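Below is one structure, written out as structure tokens; the observations come after it.
It should be emphasised that the depicted structure is a prediction, and the values quoted were computed from it without experimental measurement. In what follows, chains carry the letters A, B, and so on, assigned in the order in which the sequence lines appear, proteins first and then strands, with residues in each chain numbered from 1.
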Protein chains: 2
Amino acid sequence: MKTRDKILLASLELFNDKGERNVTTNHIAAHLGISPGNLYYHFRNKSDIIYEIFLEYEKLVNYYLEIPDDRPLGLPDMMFYLESVFDGLWSYRFFHRDLEFLLDNDERLRDDYRKFTNRCLASIKQIFAGLTEGGVVQRQAEELQGAMALNVWLVITNWMAFLKTAHASHESDSVSRDELKQGIFQVLTLEMPYLMPDYREEVLQIRTRYRPDLLGD
Amino acid sequence: MKTRDKILLASLELFNDKGERNVTTNHIAAHLGISPGNLYYHFRNKSDIIYEIFLEYEKLVNYYLEIPDDRPLGLPDMMFYLESVFDGLWSYRFFHRDLEFLLDNDERLRDDYRKFTNRCLASIKQIFAGLTEGGVVQRQAEELQGAMALNVWLVITNWMAFLKTAHASHESDSVSRDELKQGIFQVLTLEMPYLMPDYREEVLQIRTRYRPDLLGD
DNA sequence: GACTCTCTAGAGTATATACTCTAATAATAT
DNA sequence: ATATTATTAGAGTATATACTCTAGAGAGTC
């Protein structure tokens, strides 16, 4: 593998493990057994590394959120989107953690992330539209749709942070992929009242698969 | 005012303005025109300052979330809670920003914050119970209540972060108190389907007062 | 006036961090 | 083989940051 790619991979791994704030360029170099000079030959600075990782993340999410416009959506579609999005969230979980600081220090990233957010929100709305057409969710007032999508977005992107703060110990990376998936439980809770009555039972059923076991300890 | 209190006040102000990560103890001292030595005479370290500020925040929120148990709750109660909580959020807005890092570096704070979260979640559930009794919201399955409360909590505590990232410019502290209050719009959106039909119109009405003007730009 | 206790100044320190510079080595082209 | 280019090592630097240490000023007490 090219050194450049190794750097990106190691950075992502370390960021996810320890948080961007706790990982220095020297750490990354040391982790790979290369010199700082070598790292800076491939990247102008730390922000550049983060930005490239963001681009990968963005690409992945865009791929996950491709929505067929030639057919309505069903329950399996919805679950597929949820699983995919939380998968992406897991792979790049460092990102939403130090987000504000990252955006503060890289204008390019800030602009791109803003557009990214808006695209995601649009996709969520589109998914709801598809599900409405598919008879899974009830038709909602136009006026509510944007705010609903935003709430879904808030729950999804901040579930990880909540888990981390709710955990008793901070033993490195104590949040597991499974726990993250419990965010799906929260999103399904959110959607419950909007479902067509026929689907309520089925979704409640699916939802139990994601039930957190530790909540409220 | 005592130097000790001045330090707490100035720290809170600077943290809110620039983010905890961007404010050093030397900055705080310089801002007050006192020496670093003086600052460290009053506080053992930066974590201690943060911890004391957290205690104030906690006290404020606890005060706001006192819930009368001798009567059911009405719509005005609900709006009062929302307004209060978002007020507290505004006054200590730095806190939820670098939360994960703060908790990683102060075990005492982590434990306290965890308990704080659980108390808040319990309060939210209690408020829902009161509103149910008051005939404002429909009775929900026991099983849903915890997850609903958690979603409300997620939206409330992360609304600020969303605003910051959604903003185009990072011109220092460009998020206003009014914009923060638009989080109430989101929470009301969340609650909408659970309301008793009689209250729907009124809440929709109230909700328009908090409508964001910039969303989706 | 001597003594004590609280508070403050300010220079200073150890460590960390992002990043640079030079020289050398490996790879490739001619 | 030689020239050129891409890659790497590794020592080094400027700056920042959390925090320490010593000395001394004020205020109150005996």
Side-chain angles (χ1 to χ4, degrees), chain A residues 1-54 94-95 97-98 100-110 172, chain B residues 1-54 94-95 97-98 100-110 172:
Chain A
M1 197 194 294
K2 294 257 186 205
T3 302
R4 195 188 145 85
D5 294 326
K6 278 198 258 181
I7 293 172
L8 287 175
L9 212 66
S11 300
L12 176 58
E13 192 185 321
L14 290 173
F15 289 162
N16 277 341
D17 256 30
K18 306 182 199 305
E20 179 271 340
R21 187 172 181 174
N22 300 313
V23 177
T24 73
T25 49
N26 290 348
H27 288 150
I28 300 168
H31 182 79
L32 285 169
I34 67 172
S35 63
N38 194 355
L39 185 147
Y40 278 93
Y41 171 78
H42 290 284
F43 294 94
R44 273 201 0 264
N45 50 41
K46 197 181 172 186
S47 277
D48 265 15
I49 297 177
I50 293 165
Y51 184 68
E52 295 259 336
I53 294 178
F54 165 71
F94 87 94
F95 190 71
R97 182 174 174 182
D98 274 311
E100 286 188 58
F101 182 82
L102 300 179
L103 301 192
D104 262 5
N105 288 301
D106 189 339
E107 204 151 342
R108 198 180 33 163
L109 183 60
R110 179 168 51 254
S172 62
Chain B
M1 196 193 294
K2 293 257 187 204
T3 302
R4 195 188 145 84
D5 295 327
K6 278 199 259 181
I7 293 172
L8 287 175
L9 212 67
S11 299
L12 175 58
E13 192 185 320
L14 290 173
F15 288 161
N16 278 340
D17 256 32
K18 305 183 200 304
E20 180 272 339
R21 187 172 181 173
N22 300 313
V23 176
T24 73
T25 48
N26 290 349
H27 287 150
I28 299 167
H31 182 78
L32 285 169
I34 67 172
S35 63
N38 196 355
L39 186 146
Y40 278 93
Y41 171 77
H42 290 284
F43 294 93
R44 271 200 3 261
N45 52 41
K46 198 181 172 187
S47 277
D48 264 14
I49 298 178
I50 293 165
Y51 184 67
E52 295 259 335
I53 294 179
F54 165 71
F94 87 94
F95 190 72
R97 184 175 173 181
D98 274 312
E100 285 187 59
F101 182 81
L102 298 180
L103 301 193
D104 262 3
N105 288 300
D106 188 340
E107 204 152 341
R108 196 180 33 163
L109 183 61
R110 179 170 50 255
S172 62

Between [atom2] on [N] and [atom1] on [X], what's the gap in Å once rounded to a whole number?
| X | N | atom1 | atom2 | result |
| --- | --- | --- | --- | --- |
| A:Arg44 | C:dT20 | CZ | C1' | 14 Å |
| A:Phe43 | C:dC19 | CZ | P | 13 Å |
| B:Asn105 | D:dC19 | CG | P | 10 Å |
| B:Ile50 | D:dT17 | CD1 | C1' | 14 Å |
| B:Leu14 | D:dA18 | CG | C1' | 16 Å |
| B:His31 | D:dT17 | NE2 | C1' | 19 Å |
| B:Phe101 | D:dA18 | CZ | C1' | 12 Å |
| A:Leu32 | D:dT7 | CG | C1' | 15 Å |

Which of parallel (below 30°), tilted (30 to 60°) and perpendicular (above 60°) describes B:Phe15 and B:Phe94?
tilted

Could you check B:Arg4 against A:Asn22 and say which one's nearest nucleotide on DNA chain C is further toward the 5' end?
B:Arg4

Using the side-chain heavy atoms of [X], tell me which of these nucleotides is nearest: [options].
| X | options | result |
| --- | --- | --- |
| B:His42 | C:dC7, D:dT7, D:dA18 | C:dC7 |
| A:Asn26 | D:dA18, C:dC7, C:dC19 | C:dC19 |
| A:Pro36 | C:dT8, D:dA9, D:dG10 | D:dG10 |
| A:Tyr41 | C:dA9, D:dT8, C:dA18 | D:dT8 |
| B:Thr24 | D:dA18, C:dA9, D:dT20 | D:dA18 |

Side-chain N or O of [X] closer than 4.0 Å to phosphate OP1/OP2 of [N]:
| X | N | result |
| --- | --- | --- |
| B:Ser35 | C:dA11 | no |
| A:Tyr40 | C:dC19 | yes |
| A:Asn38 | D:dT7 | no |
| B:Thr25 | D:dC19 | no |

Ion pair check, B:Glu20 and B:Lys46, cut-off under 4.0 Å:
yes

[X] versus [Y], closest heavy-atom pair with distance:
| X | Y | answer |
| --- | --- | --- |
| A:Ile49 | A:Leu8 | O-CD2, 3.9 Å |
| B:His31 | B:Ala10 | CD2-CB, 4.0 Å |
| A:Leu103 | A:Arg110 | O-NH1, 2.5 Å |
| B:Ser47 | B:Asn105 | OG-O, 4.0 Å |

Mind checking the [atom1]-[atom2] spacing from [X] to [Y]? Nearest 0.5 Å is all I need.
| X | Y | atom1 | atom2 | result |
| --- | --- | --- | --- | --- |
| B:Leu39 | B:Arg4 | CG | CZ | 10.5 Å |
| A:Asp17 | A:Leu12 | CG | CG | 10.0 Å |
| A:Leu9 | A:Ile28 | CG | CD1 | 11.5 Å |
| B:Ile34 | B:His42 | CD1 | NE2 | 6.5 Å |

Taking only N/O atoms, report every protein-nucleotides 26-29 of chain C pair under 3.5 Å with atom names and distance.
none

Would you indicate what A:Ile34 reaches in the nucleic acid, counting non-hydrogen atoms under 4.0 angstrom: base, sugar-phosphate, or nothing?
sugar-phosphate

Short of 4.0 Å, heavy atom to strand atom, which residues of residues 5-13 of chain A count as contacting DNA chain D?
none

